[in-house]
Amino acid sequence: MTTMTETSARFREFKMPDVGEGLTEAEILKWFVQPGDTVTDGQVVCEVETAKAAVELPIPFDGVVHELRFPEGTTVDVGQVIIAIDVAPGSGDAPAPAAAAPAQEPVEAPEAEAEPKGRTPVLVGYGVAESSTKRRPRKGAAAAPEAAAVAAAVQAELNGHGAPAPAPAAPAPAGAPAGGRPLAKPPVRKLAKDLGIDLATVVPTGKDGIITREDVHAAAAPAAAEAPAAVASPVVPEAPAAAVPAAVPDSARETRIPVKGVRKAIAQAMVGSAFTAPHVTEFVTVDVTRTMKLVAELKEDKDMAGVRVNPLLIIAKALLVAIKRNPEVNAAWDEANQEIVQKHYVNLGIAAATPRGLIVPNIKDAHDKTLPQLAEALGELVTTARDGKTSPAAMAGGTVTITNVGVFGVDTGTPILNPGESAILAVGAIKLQPWVHKGKVKPRQVTTLALSFDHRLVDGELGSKVLADVAAILEQPKRLITWA
């Protein structure tokens, strides 16, 4: 897909690319540039989050940022222009930005040619104000009689009466809608609600009478300072008690987190997996004392210098050997063609917890890697995931997954299959426990493994063999050599 367009010999536009596989939208998390900044080919200008990962977008040409089309936090469709670049600065007057959306200002809908100038802006989700076909009063001019009447009616409603309050209402600010409803973006409205501020009492300073975040904060500062006096001696004696903001707003008792991006994709994928593939989970508890000794020895081995050695490395290698011995488990179900797709390669997924949710990047062709190579790949995978830099490509094409719940001190669980895969191995905490060893009860390092598999293509016998092989290798690590 082409991600840039040429509006003239001077200005070029960069479109939201499809940074994943068939993704249709992405959210702009952060802009690294602002209008007037100089950029160079390959420079990262913003970070976006898709349904799979957070991705940094580089600009493909040199120039000066002319305008940012969308503020941070906006979800943009693939193919929409997100930034315009002046590639020949200083060659003439630049045209005014056509569709820029400032980070803190509401988006104004384009005006139809047939409508008169001075149309009241349309805020997303609120429709056209009733005064959209009327001309705005000039700045500094006296308010129209009907505007004053509407303002009085609003004041009366605030006072809890059906008729105007005895005191005359202040004229509506220039640019405010004649319908009386303050203009503000949804985030600004939420901010006002959280702070207990009535938008009808806020003086707008934004374009066309729009209330900005700064206006709300300005109104909240004096309100907070005068709150005790206002409660003891209300300005409007007739105002009912309900008009006083609650002492503990709802926002202090609960937090609402939008489900979007990676978290939304995870939820949809897990629901689809749980209700599509018939899951079966088997468990085995195994003595891994010898595996722990091997890990300690490998940490001192010069051939493993520079790579991270831990029990997960040996478990991953054990699973790869078990798959080699039971290749039928490494498959996928093709619903459209009603076929079982046997994979002759292993892209080993490792579930990783990140600030944006649980993701499952995978090690490509893990079956071909030596132990040092596998250790290096695991280290890079975990580091990249924790830094939030995992690419969509790194999470595509997995065949089998490992999830290590033991790092949280959990003994075991029933893991849900990653969509498109046939099996997932959960590894529990490794703990020192009493264990019968050579006829005597001794303290041994013990863990519990759980293998979930898709029963459409993996029957009980096959699943049991895979799990038993992994357990046998962890109990006697020398089988990594004899079975490989």
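Each residue takes its place number in the sequence, starting with 1.
- Between D454 and R456 there is a salt bridge, since at least one side-chain N of the basic residue sits less than 4.0 Å from a carboxylate O of the acidic one.
- Remark: K364 NZ is packed, more than 12 non-hydrogen atoms of other residues, nucleotides or ligands lying under 6.0 Å away.
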Under the side-chain contact (heavy atoms from CB on, under 4.5 Å) criterion, do V45 and V39 qualify, and how do the steps go? CA-CA 8 Å; V45 295; V39 296; 4.2 Å; yes
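- Here the closest heavy-atom approach between residue A322 and residue D469 is recorded as CB-CB, 3.8 Å.
- Residue I197 holds its CD1 atom at 11.5 Å from CG of D215, rounded to the nearest 0.5 Å.
- The two atoms that bring V427 and N404 nearest to each other are O-OD1, 3.4 Å, heavy atoms only.
- Side-chain N/O atoms of T399 and N347 include no donor and acceptor closer than 3.5 Å.
- Contact of the L449 side chain with the L425 side chain is registered, since non-hydrogen atoms from C-beta on lie closer than 4.5 Å.
- A ring-centre distance under 6.0 Å is not found for H367 and Y345.
- I402 CD1 to N362 CG: the interatomic distance, rounded to the nearest 0.5 Å, is 12.0 Å.
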Please determine whether salt bridge (charged side-chain N to carboxylate O under 4.0 Å, His left out) holds for the pair D411 and K431, giving the CA-CA distance in whole Å, both sets of side-chain angles, and the decisive distance to 0.1 Å. CA-CA 9 Å; D411 292 332; K431 299 179 179 180; 2.9 Å; yes
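- The distance from atom NZ of K317 to atom OG1 of T291, rounded to the nearest 0.5 Å, is 14.5 Å.
- The backbone N or O of V329 sits less than 3.5 Å from a side-chain atom of S422, completing a donor-acceptor pair.
- Atom-to-atom distance recorded for K369:NZ and I363:CD1 is 7.5 Å, nearest 0.5 angstrom.
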Candidate pair N418 and I424, rule side-chain contact (heavy atoms from CB on, under 4.5 Å), full reasoning: CA-CA 7 Å; N418 203 30; I424 178 171; 5.7 Å; no
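- Here CZ of F453 is found 11.0 Å from NE2 of H279. Values are rounded to the nearest 0.5 Å.
- Heavy atoms only, all atoms of each residue included: I211 and L199 are closest at CD1-O, 3.6 Å.
- Summarising the geometry, atom CD belonging to E475 is positioned 9.0 Å from atom OG1 belonging to T289; distances are rounded to the nearest 0.5 Å.
- Put simply, the residue from V470, V400, I315, V346 that forms a side-chain contact (heavy atoms from CB on, under 4.5 Å) with L320 is V346.
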Please lay out, stage by stage, how I430 and V446 fare under the test side-chain contact (heavy atoms from CB on, under 4.5 Å). CA-CA 5 Å; I430 298 175; V446 177; over 6 Å; no
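- You'll find the side chain of V64 stays beyond 4.5 Å of the side chain of I85, heavy atoms only.
- Residues E282 and S464 are in side-chain contact: their nearest non-hydrogen atoms beyond the backbone lie under 4.5 Å apart.
- Using modelled atom types, one side-chain atom of R479 and one backbone atom of A472 make a donor-acceptor pair closer than 3.5 Å.
- Salt-bridge annotation for R69 and E67: present, with a side-chain N of the basic residue lying under 4.0 Å from a carboxylate O of the acidic one.
- Contact check for V288 versus P311: no side-chain heavy atoms found under the 4.5 Å cut-off.
- S452 and T281 share a donor-acceptor pair across their side chains, judged by distance under 3.5 Å alone.
- Checked for salt-bridge contact, K293 and E297 miss the test: no charged N lies under 4.0 Å from a carboxylate O.
- No side-chain heavy atom of V48 sits less than 4.5 Å from a side-chain heavy atom of L29.
- With a 4.5 Å cut-off on side-chain heavy atoms, T412 and F283 count as touching.
- Heavy-atom minimum distance, T401 versus A351: CG2-N, 4.3 Å.
- In this model, no donor atom of one side chain and acceptor atom of the other lie less than 3.5 Å apart for D387 and T384.
- For the residue pair D37 / Q34, no side-chain donor-acceptor distance below 3.5 Å is found, with atom types taken as modelled.
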Decide side-chain hydrogen bond (donor to acceptor under 3.5 Å, both in side chains) for T74 and E27; before the verdict, give the C-alpha distance in whole Å, the side-chain angles of both, and the deciding distance to 0.1 Å. CA-CA 5 Å; T74 304; E27 177 188 356; over 6 Å; no
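- Pairing each heavy atom of P71 with each of W31, the nearest pair is C-NE1, 4.2 Å.
- Of the possible polar contacts, one joining the H455 side chain to the V458 backbone as a donor-acceptor pair under 3.5 Å is found.
- Ion pair E376/R308 not flagged as a salt bridge, since none of the NZ, NE, NH1 or NH2 atoms sits closer than 4.0 Å to an Asp/Glu carboxylate oxygen.
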The test is side-chain contact (heavy atoms from CB on, under 4.5 Å); show your working for V360 and M395 and say whether it passes. CA-CA 6 Å; V360 189; M395 292 184 284; 5.9 Å; no
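- Residues M304 and K299 fail the side-chain proximity criterion, which asks for heavy atoms closer than 4.5 Å.
- Counting heavy atoms from C-beta on, the side chains of F70 and Q80 come closer than 4.5 Å.
- Nearest heavy atom pair, residue I340 against residue A331, reads CG2-CB, 3.9 Å.
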